[in-house]
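This report refers to the structure that appears directly beneath it.
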Amino acid sequence: MTLTPHLLLGAAIASKIEYFPLAIILAFLSHYFLDLIPHIEYSINNISEKQWQKSLPDILRVFLDFSFGILLILIFSNNHLIIYICSFVALIPDSLTIISSIFPNIFLSKHDKFHTKKIHFLRHKKISIFWRILSQLLVIFISILLLIY
């Protein structure tokens, strides 16, 4: 799943859960839940393969996706610190995957295998691009509604 739905759901969780530690845990777990749903992802192969001279489009795509998510949170939330903390916590699993590809180690490798093989098990199933995009749009829409109300 792209970063925007993860950021928004983490923020939405923070806006509805008053107990700070529970909000953090649920925001973190929300990442894995969203990745179970069929979705689209963009390639960051150049970053993963350390082809830095070719990675500018990948970095730009990640930056724009992240910025769009933060912009939506700025617009639709009450902008409490916990909302931003939980939105960043919701990105930790993807962050660990990127760090694993740049600085491999046993813990990160195990997480990467769990995240990419077990959680993303529908990645290689033939599910139409329409449904993959719609799932992300629905997460964004529902998260915005939760932030507003």
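The first residue of the sequence shown is numbered 1, and numbering continues consecutively from there. Fair warning: this is a prediction, and the values are worked out from it, not measured in the lab.
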Taking all non-hydrogen atoms of both residues into account, name the closest pair between [X] and [Y] and its distance.
X: A27; Y: G10; value: CB-CA, 4.2 Å
X: L72; Y: I140; value: CD1-CG2, 4.4 Å
X: I119; Y: L36; value: O-CD2, 3.5 Å
X: P5; Y: V139; value: CB-CG1, 3.7 Å
X: N79; Y: I73; value: OD1-O, 3.6 Å
X: S77; Y: L147; value: CB-CD2, 3.9 Å

Please check this pair: side chain of S15 against backbone of A12, looking for a donor-acceptor N/O pair closer than 3.5 Å. yes
Is the backbone of W52 close enough, under 3.5 Å, to the side chain of S55 for a donor and an acceptor to pair up by distance? yes
Any pair counted as salt bridge (charged side-chain N to carboxylate O under 4.0 Å, His left out), so long as it reaches residues 103-121, sequence neighbours left out: none
Begin from the C-alpha positions of I70 and F66 and carry the test side-chain contact (heavy atoms from CB on, under 4.5 Å) through to its verdict. CA-CA 6 Å; I70 294 297; F66 178 82; 3.8 Å; yes
Does S30 form a side-chain contact (heavy atoms from CB on, under 4.5 Å) with L9? I'd like the steps, not just the answer. CA-CA 7 Å; S30 75; L9 186 56; 3.7 Å; yes
Per-pair distances, 0.1 Å, donor-acceptor, side chain in residues 87-100, under 3.5 Å, sequence neighbours excluded:
from	atom 1	to	atom 2	distance (Å)
S87	OG	I83	O	3.3
S87	OG	Y84	O	2.8
D94	OD1	H31	NE2	3.1
S95	OG	L91	O	3.1
T97	OG1	P93	O	3.1
T97	OG1	H115	ND1	3.0

Once ring pair (Phe, Tyr, Trp, His ring centres under 6.0 Å) is applied, do any residues pair with F114, and if so which ones, sequence neighbours excluded? Y32
Residues in ring pair (Phe, Tyr, Trp, His ring centres under 6.0 Å) with F76, at least two apart? none
[X] [atom1] to [Y] [atom2] distance, which is reported to the nearest 0.5 Å:
X: T116; Y: D35; atom1: OG1; atom2: CG; value: 10.0 Å
X: L34; Y: L8; atom1: CG; atom2: CG; value: 10.0 Å
X: H39; Y: L134; atom1: NE2; atom2: CG; value: 14.5 Å
X: I24; Y: I82; atom1: CD1; atom2: CD1; value: 4.5 Å

Please check if the number of heavy atoms outside [X] that lie under 6.0 Å from its [atom1] is greater than 12.
X: I102; atom1: CD1; value: yes
X: Y42; atom1: OH; value: yes
X: F28; atom1: CZ; value: yes

If hydrophobic clusters are built from ILVMFWY residues whose side chains come within less than 4.5 Å, do [X] and [Y] share one?
X: L145; Y: I75; result: yes
X: I142; Y: I37; result: no
X: L3; Y: I59; result: yes
X: I40; Y: F130; result: no
X: I148; Y: L7; result: yes

Go through the structure and list residues passing salt bridge (charged side-chain N to carboxylate O under 4.0 Å, His left out) with D58, not counting sequence neighbours. R61
Considering only residues two or more places apart or on different chains, which pairs with a residue in residues 132-145 satisfy side-chain hydrogen bond (donor to acceptor under 3.5 Å, both in side chains)? T2-Q136
